[in-house]
Amino acid sequence: MSSVTQTYGANIAFIEELYEKYRSNPDNVSASWREFFEDYQPVFEEELSGAPVSSPAPVSVPEEAPVRTPALHEAPRPTPVPGNVVILRGAAGKIAQNMEASLEVPTATSVRTVPVKSLEENRRVINNHLALTGQSKASFTHIIAWAIVKSLKQYPRMNSAFTEQDGQPARVDHEDVNLGIAIDIERKDGSSSLLVPNIKRAQTMDFAQFLKAYNDVVRKARNNTLEVSDFEGTTISLTNPGTIGTIASVPRLMQTQGAIIATGQIDYPAEYS
């Protein structure tokens, strides 16, 4: 698996779309992306199937094999499911590759149902204050993201990633909290794309600074002005499948990250603890 795919995870499809624009005309992308693509090695389709990218070996004609009678204890081979086999290319292929790579990372999943009435009431108080100062409202996701950053002070290992050193399992303790925010972007043709830029050094911010940084990242994603640095160094991520009605979710953990927190649907009315 390429180092680019390891580093940028779910964003690799977006990066390769930009690379195609760069190939047609370098001026189609910003200066930072032009510098990035000067040494960029695209993910070839051969990598998606695990086949070597090098030239294929000479094909030899096999000798006629003797007819083999299966033993009585052998289970019959499954009959192929009828239908057309479609090779996954482009964004779909990159997503499949990332999901397969995530299986190499040891993970543990916990699903909890928690009361959020106090979250709802605190959000109302926060938004009343923000309205008085002429600022935009805070969503549930804003507050949950901030809670993740604050909780990492007490549970810093959630921000640590798995790796291997000389063939031995090892842990990478990140100094900073670079919180990845999953953002669903709708394209002009009606299709959607998932981007996961991050908020750099979130642990150094107060809530007002964090809220501004969060909104800046979302604005750049919507305006298609994200830079290379916005995707680099993610240590932990937040995704929100609850917006599509999902109650429980098991997201795939990307390499170099410590955890992915997924928030589910909030019942109405919200309950107290």
Side-chain angles (χ1 to χ4, degrees), residues 9-10 98-99 102-103 105-131 135-162 171 173-174 176-185 192 194-215 217-218 221 234-273:
N98 287 334
M99 294 180 73
S102 71
L103 297 177
V105 182
T107 60
T109 302
S110 177
V111 179
R112 310 286 181 89
T113 299
V114 297
V116 294
K117 184 63 176 178
S118 59
L119 171 63
E120 180 185 40
E121 294 181 349
N122 284 325
R123 175 175 174 260
R124 187 181 301 112
V125 172
I126 292 171
N127 283 335
N128 287 338
H129 172 74
L130 292 174
Q135 301 180 62
S136 59
K137 292 183 177 181
S139 67
F140 287 112
T141 311
H142 282 115
I143 300 174
I144 293 170
W146 176 245
I148 292 172
V149 174
K150 300 298 286 185
S151 67
L152 290 175
K153 291 184 178 181
Q154 186 173 356
Y155 303 101
R157 290 287 173 82
M158 298 295 292
N159 197 49
S160 299
F162 172 81
R171 186 183 71 242
D173 293 330
H174 298 295
D176 291 322
V177 177
N178 297 334
L179 179 63
I181 304 295
I183 306 171
D184 190 25
I185 302 298
S192 61
L194 184 68
L195 302 180
V196 191
N198 65 66
I199 301 171
K200 296 287 192 296
R201 305 195 68 216
Q203 83 281 4
T204 64
M205 303 176 181
D206 58 28
F207 182 70
Q209 293 169 330
F210 179 80
L211 193 64
K212 181 180 183 302
Y214 189 115
N215 291 336
V217 166
V218 173
T234 302
T235 61
I236 189 169
S237 295
L238 170 63
T239 184
N240 185 16
T243 57
I244 58 174
T246 298
I247 298 174
S249 177
V250 184
R252 292 292 185 90
L253 181 62
M254 293 291 99
Q255 295 177 344
T256 75
Q257 296 188 35
I260 297 180
I261 311 301
T263 58
Q265 184 182 27
I266 297 177
D267 285 340
Y268 183 85
E271 295 181 358
Y272 281 108
S273 57

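A search for side-chain hydrogen bond (donor to acceptor under 3.5 Å, both in side chains) contacts involving N159 returns T235, not counting sequence neighbours. Partners of Y155 under the ring-ring contact (aromatic ring centres under 6.0 Å, His included) rule, at least two apart in sequence or in another chain, do not exist in this structure. Scanning for ring-ring contact (aromatic ring centres under 6.0 Å, His included) contacts around H174 gives an empty result, with sequence neighbours left out. Annotation: ring-ring contact (aromatic ring centres under 6.0 Å, His included) contacts of F162 (sequence neighbours excluded): none. Residues meeting the side chain to side chain contact (heavy atoms under 4.5 Å, CB included) test with T204, sequence neighbours left out: R201. Residues satisfying the side chain to side chain contact (heavy atoms under 4.5 Å, CB included) test with S151, not counting sequence neighbours, are none. In terms of the side-chain hydrogen bond (donor to acceptor under 3.5 Å, both in side chains) criterion, D184 has no residue partners (sequence neighbours excluded). Partners of Q203 by side-chain hydrogen bond (donor to acceptor under 3.5 Å, both in side chains), not counting sequence neighbours, listed by chain and number: D176. Evaluation of the salt bridge (charged side-chain N to carboxylate O under 4.0 Å, His left out) rule for K212 yields D216 as partners, not counting sequence neighbours. Considering only residues two or more places apart in sequence or on other chains, N215 meets the side-chain hydrogen bond (donor to acceptor under 3.5 Å, both in side chains) condition with H142. Scored by the side chain to side chain contact (heavy atoms under 4.5 Å, CB included) test, K150 finds W146, K153 as partners (sequence neighbours excluded). When the ring-ring contact (aromatic ring centres under 6.0 Å, His included) test is applied to F140, no partner is found at least two apart in sequence or on another chain.
I181 places a side-chain heavy atom less than 4.5 Å from the side chain of I199. The shortest distance between side-chain heavy atoms of N122 and I143 does not fall below 4.5 Å. A 4.5 Å side-chain heavy-atom check between D206 and F210 finds every atom pair outside the cut-off. P197 places a side-chain heavy atom less than 4.5 Å from the side chain of L195. Side-chain contact between L194 and I185: absent, with no pair of heavy atoms (C-beta onward) separated by less than 4.5 Å. You'll find the side chain of S110 reaches within 4.5 Å of the side chain of R112, heavy atoms only.
Ionic pairing of E120 and K117 is present here: one or more N-O contacts between side-chain nitrogen and carboxylate oxygen are shorter than 4.0 angstrom.
Across A221 and I183, no two heavy atoms sit closer than the pair CB-CD1, 3.8 Å. In plain terms, the two heavy atoms of A145 and L238 that are nearest each other are CB-CD2, 3.6 Å. The minimum heavy-atom distance between S237 and V196, with the atom names listed, is OG-CG1, 4.0 Å. Between S136 and L130 the shortest heavy-atom distance is O-CD1, 3.4 Å. Taking all atoms of both residues into account, the shortest heavy-atom contact from S160 to D173 is OG-OD1, 2.7 Å. Across all non-hydrogen atoms, the minimal contact from Q257 to T234 is CG-O, 3.5 Å.
A donor-acceptor pair is defined here as one N or O able to donate and one able to accept, closer than 3.5 Å; no such pair exists between the side chain of N198 and the backbone of L179.
Within a 6.0 Å sphere centred on CE of M205, heavy atoms belonging to other residues, nucleotides or ligands number more than 12.
A distance of 8.5 Å separates CD1 in I126 from CG in L119, rounded to the nearest 0.5 Å. Separating the CG atom in N128 from the CZ atom in R123 is a distance of 10.5 Å, to the nearest 0.5 Å. Rounded to the nearest 0.5 angstrom, N240 CG and T141 OG1 are separated by 4.0 Å.
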